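Quick caveat: nothing in here was measured; it's all calculated off a predicted structure. Positions are given from 1, in the same order as the sequence printed here.
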Amino acid sequence: MKKKAARVISILLILVLSCTVFSFAHSGRTDSNGGHRDNKNVSGLGYYHYHCGGHPAHLHPNGVCPYSGSSSQKKPVKKYTRISKPTLSLKAVNANYIKVSWSKRSKAVKYKLYRATSKYGSYKRIAVTSKTYYNDKSVKNKTGYYYKVKAIAKTSKCNSYYSTIKYGKISFNGKITLSKNTFNLNPDETAIVYVTASGTTDQITAYYDDDYIDIEWGEKDSSGRLPLYIYSFANADDAGTKTKITLKFRNHQRLYQKTLTIQLTNTAAADPAA
């Protein structure tokens with residue numbers, strides 16, 4: 001009886017295996033997309049179907065696997081296009097500062113400007129702006145600088161590459177010469193210092209502390225010297241105090257200056273005029 005039962009079970013297993021092989025076996029191999037070419041249409045799904053994720057043979061309507069989490073289901077790949085890099089140009093304005101300009105990029109929301117003192121050195125960001133120019137007024141006289149800029153998009157993956165590096169510098173040759181740089185001055189005395197400017201047509205401006213002195217410019221003489229009259233109204237108690245006059249070119253104040261030092265005394269100066 002047991003042997004007969006065993007034969008029945010064996011027959012049933014053979015039938016089940018035969019049906020399984022008949023249902024799924026067909027020619028062709030599974031490709032990289034999990035797809036299977038079924039030339040004889042054994043599955044009844046057509047000449048091509050999928051077995052991805054270990055699921056039964058199935059199709060992908062509209063390219064989407066009906067089984068959630070299927071390994072063959074592909075997410076759409078979003079494409080990013082970089083903004084074209086800006087074109088950079090430099091101009092030294094009145095030998096005072098460098099104007100850095102670049103071409104506008106329609107999809108840019110702002111621009112980042114970088115500067116270094118050597119072409120392949122360390123670049124420091126000096127400006128973030130929505131404009132297409134930047135006036136660099138922090139440059140030093142006769143020092144060369146290298147610049148590059150990049151356009152910034154709403155999405156960082158669309159940011160432009162850096163522009164071509166450009167080089168620029170300012171060369172201001174203005175100089176102030178004084179007939180003397182320091183002297184003593186008594187109360188109620190007037191001294192004269194002759195000031196000569198060279199290398200520029202820029203005018204000279206004088207800055208001083210008016211608690212002790214007053215100044216007045218005279219007419220330029222035949223040698224091109226400007227007389228600067230300095231009057232002291234300090235009292236005897238101010239003796240020993242030093243006060244200064246700082247001379248600068250009006251349009252190049254941060255690039256050059258000259259200092260005149262005055263010692264307030266209570267003894268008549270030997271020669272108050274130069």
Side-chain angles (χ1 to χ4, degrees), residues 89-101 115 117 126-127 131 133-145 147 167-274:
S89 62
L90 307 180
K91 181 181 180 181
V93 180
N94 297 326
N96 192 21
Y97 63 89
I98 296 176
K99 182 175 182 179
V100 188
S101 304
R115 188 186 73 185
T117 53
I126 61 171
K131 298 178 181 179
Y133 71 91
Y134 177 76
N135 294 327
D136 189 1
K137 296 183 178 180
S138 65
V139 294
K140 296 180 180 179
N141 190 27
K142 298 183 180 180
T143 299
Y145 294 93
Y147 296 86
Y167 171 83
K169 71 175 181 179
I170 57 172
S171 295
F172 178 66
N173 298 313
K175 185 178 179 181
I176 297 173
T177 303
L178 304 176
S179 59
K180 54 186 175 182
N181 296 316
T182 182
F183 62 91
N184 297 332
L185 188 63
N186 267 339
D188 297 322
E189 281 188 342
T190 299
I192 303 175
V193 175
Y194 290 96
V195 182
T196 304
S198 59
T200 180
T201 58
D202 200 356
Q203 294 181 332
I204 299 174
T205 302
Y207 299 87
Y208 63 99
D209 185 350
D210 59 3
D211 289 339
Y212 304 105
I213 61 174
D214 193 14
I215 68 171
E216 183 178 346
W217 290 102
E219 294 292 330
K220 186 180 293 187
D221 65 16
S222 59
S223 299
R225 301 185 306 173
L226 278 170
L228 179 62
Y229 298 94
I230 305 166
Y231 171 76
S232 170
F233 52 78
N235 55 47
D237 294 336
D238 297 321
T241 300
K242 287 184 178 181
T243 187
K244 296 181 179 181
I245 299 175
T246 302
L247 302 170
K248 298 180 180 181
F249 289 107
R250 183 170 299 175
N251 298 314
H252 299 85
Q253 295 192 21
R254 65 180 188 82
L255 298 181
Y256 183 91
Q257 66 179 40
K258 188 76 172 179
T259 301
L260 174 63
T261 303
I262 302 163
Q263 175 84 41
L264 301 177
T265 66
N266 197 24
T267 303
D271 183 13

Query raised in the report: Out of curiosity, Thr259 OG1 to Lys248 NZ, how far, rounded to the nearest 0.5 Å?
Result: 9.0 Å
Query - Any donor-acceptor N/O pair, Asp221 side chain to Gly224 backbone, under 3.5 Å - result: yes
Report task. May I ask you to check whether Asn186 and Thr265 show a side-chain donor-acceptor distance below 3.5 Å? Result -> yes
Query - Distance (rounded to the nearest 0.5 Å) between Lys220 NZ and Leu226 CG - result: 5.5 Å
Report summary line: Nearest heavy-atom contact between Ala191 and Leu185 is CB-CD1, 3.9 Å
Report task. Could you tell me whether the side chain of Asp136 reaches within less than 4.5 Å of the side chain of Ser138, counting heavy atoms only? Result -> yes
Query raised in the report: Would you say Val100 and Lys91 make side-chain contact, with heavy atoms under 4.5 Å?
Result: no
Query raised in the report: To the nearest 0.5 Å, what is the distance between CG (Asn251) and OG1 (Thr201)?
Result: 9.0 Å
**Report entry** Ile176 and Gln257, any side-chain heavy atoms less than 4.5 Å apart
**Finding:** no
Query - Phe233 CZ: over 12 foreign heavy atoms closer than 6.0 Å - result: yes
Query - Euclidean distance, Thr177 OG1 relative to Leu247 CG, rounded to 0.5 Å - result: 11.0 Å
Query raised in the report: NZ of Lys242 to OG1 of Thr182: how many Å apart, nearest 0.5 Å?
Result: 6.5 Å
Query - Ring center gap for Tyr167 and Tyr147 short of 6.0 angstrom - result: no
**Report entry** Lys NZ or Arg CZ of Lys99 over Tyr133 ring: under 6.0 Å, within 45°
**Finding:** yes
Query raised in the report: Do the side chains of Phe249 and Ile204 get nearer than 4.5 Å, heavy atoms only?
Result: yes
Query raised in the report: Knowing that exactly one of Ile262, Ile192, Thr243, Asp214 qualifies, which makes a side chain to side chain contact (heavy atoms under 4.5 Å, CB included) with Ile230?
Result: Ile262
**Report entry** Partners meeting salt bridge (Lys or Arg N to Asp or Glu O under 4.0 Å) with Asp188 (sequence neighbours left out)
**Finding:** none
Query raised in the report: Heavy-atom distance under 4.5 Å between the side chains of Thr143 and Lys169, does that happen here?
Result: no
Query raised in the report: Is the closest side-chain heavy-atom distance between Val195 and Trp217 below 4.5 Å?
Result: yes
Query raised in the report: Which value, rounded to the nearest 0.5 Å, describes the distance between Asp202 atom CG and Gln253 atom CD?
Result: 8.5 Å
